[in-house]
Amino acid sequence: MGAINELLNYAQKAWGKEVKQIVESIKLREPFEILVGTVLSQNTNDKNSSIAFMRLKKLTEITPLGIIRVKEEELAKALRVAGLYRERSKRLKELARIIVERYNGDLTWIKCLPLEEARKRLLELPGVGYKTADILLAFYGGRPVLPVDTHIRRIAIRLGYASSKDGYEKIRRALENEIAPEMRIYAHLLLIRFGRNICKARKPLCDVCPITAFCKHFNARAT
DNA sequence: CTCCGGGAAA
DNA sequence: TTTCCTGGAG
């Protein structure tokens with residue numbers, strides 16, 4: 001049993017119920033809504049990005065045409081609470097425009113195309129990088145990818161699955177090797193909670209962490 | 001590598 | 001008052 005499995009075991013007991021509900025609720029959403037929600041969450045805490053999402057929903061329908069219709073200043077006003085709002089309102093309108101232009105507003109190809117082709121097309125969209133692309137592939141597309149965010153990256157490095165010099169793809173593959181395909185969405189959310197609450201960037205709670213025996217970070221400090 | 005940025009916690 | 005949180009693009 002590896003460190004990641006021990007970690008997930010612990011995280012499941014702590015946050016499993018909450019996380020399962022989130023997985024189910026995201027699966028019911030339209031792909032464009034997931035995309036917008038993910039863009040709003042970039043470099044922003046969950047609380048403020050969900051407030052921004054609700055304000056956006058009140059302002060307009062969250063579809064490519066809905067975003068195109070609303071004025072950029074109105075969009076910026078709704079997104080302000082989440083920060084980075086000038087960039088985001090601009091990029092969101094650009095994103096909506098390109099999705100209409102290139103795909104006639106339809107994102108169902110995320111589900112149908114071969115995985116690498118779908119990923120490639122997602123990455124060509126403005127405001128979509130590896131993490132955002134993988135969120136769509138996993139949550140909407142049902143693809144067996146593990147989206148890697150900053151928490152997951154930090155955990156992977158501390159546990160020794162990756163080095164801080166490694167790029168996104170290398171870290172993703174290293175972790176995917178440890179986690180069964182059908183468990184990856186669930187594991188993604190569990191890992192984030194573990195990272196936020198236990199394996200924090202500053203002052204990690206190593207005294208309550210169940211896997212310090214596996215942890216390079218902890219053992220390097222202890223000695 | 002720097003910029004984009006608000007709200008909350010320290 | 002400062003620091004933290006948190007990805008993508010130029």
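The figures that follow rest on heavy atoms only: side chains count, while hydrogens, waters and symmetry mates do not. Each chain gets a letter, A, B and so on, in the order the sequences are listed, and its residues count up from 1.
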P atom, B:dA10 versus C:dT6: distance in rounded Å?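 Comparing P positions in B:dA10 and C:dT6 gives a spacing of 14 Å.
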
Could you give the distance separating B:dG5 and C:dG10 at their P atoms, to the nearest angstrom?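 Those two atoms are separated by 14 Å.
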
For A:L65, the rest of its hydrophobic cluster, which grows through side-chain links under 4.5 angstrom: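 The other cluster members (ILVMFWY side chains, heavy atoms under 4.5 Å, direct or chained) are A:I68, A:V100.
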
Co-members of A:L84 in a cluster of I, L, V, M, F, W and Y side chains, linked at under 4.5 Å: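 Other cluster members: none.
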
Would you indicate what [X] reaches in the nucleic acid, counting non-hydrogen atoms under 4.0 angstrom: base, sugar-phosphate, or nothing?
{"X": "A:R88", "value": "nothing"}
{"X": "A:T132", "value": "sugar-phosphate"}
{"X": "A:V128", "value": "sugar-phosphate"}
{"X": "A:A201", "value": "sugar-phosphate"}

Before you tell me yes or no, could you show the steps for A:L7 and A:I198 under side-chain contact (heavy atoms from CB on, under 4.5 Å), namely the whole-Å CA-CA distance, both residues' side-chain angles and the distance that decides it to 0.1 Å? CA-CA 11 Å; A:L7 185 164; A:I198 310 285; over 6 Å; no

Look for any protein N or O under 3.5 Å of an N or O in nucleotides 6-10 of chain B and output each such pair with its distance, or none.
from  : atom 1 : to    : atom 2 : distance (Å)
B:dG7 : O4'    : A:N48 : ND2    : 3.1

Kindly state which residues belonging to residues 142-150 of chain A come within less than 4.0 angstrom of DNA chain C, counting heavy atoms of the residue only, listed by number.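 Those residues whose heavy atoms fall under 4.0 Å from DNA chain C, taken from residues 142-150 of chain A in numerical order, are A:D149, A:T150.
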
Can you list, in residue-number order, the parts of residues 157-171 of chain A that come under 4.0 Å of DNA chain C, counting heavy atoms only?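 Those residues: none at all.
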
Set of side chain to side chain donor-acceptor pair (under 3.5 Å) partners for [X], sequence neighbours left out:
{"X": "A:T132", "answer": "A:Q42"}
{"X": "A:K20", "answer": "none"}
{"X": "A:T108", "answer": "A:D106"}
{"X": "A:S89", "answer": "none"}

So does [Y] get a backbone contact from the side chain of [X], meaning a donor-acceptor N/O pair under 3.5 Å?
{"X": "A:R80", "Y": "A:R86", "answer": "no"}
{"X": "A:R184", "Y": "A:E176", "answer": "yes"}
{"X": "A:R121", "Y": "A:E117", "answer": "no"}

I need the CZ-P distance between A:R91 and B:dC3, as an integer number of Å.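 From A:R91 CZ to B:dC3 P: 15 Å.
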
Would A:E94 and A:K90 pass as an ion pair if we require N to O under 4.0 Å?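 No salt bridge links A:E94 with A:K90.
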
Which nucleotide of DNA chain C is the first, and which the last, in the 5' to 3' direction, to come under 4.0 Å of a heavy atom belonging to chain A?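 The contacted stretch runs from C:dC4 to C:dA9.
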
Pairs touching residues 86-110 of chain A that satisfy ring pair (Phe, Tyr, Trp, His ring centres under 6.0 Å), sequence neighbours left out: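 Pairs touching residues 86-110 of chain A that pass the test: A:Y103-A:W109.
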
Side chain to side chain contact (heavy atoms under 4.5 Å, CB included) against A:L95, all qualifying residues, sequence neighbours excluded: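 Checked A:L95 against side chain to side chain contact (heavy atoms under 4.5 Å, CB included); matches are A:L35, A:V39, A:L92, A:I99, A:L125, A:P126, A:V128.
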
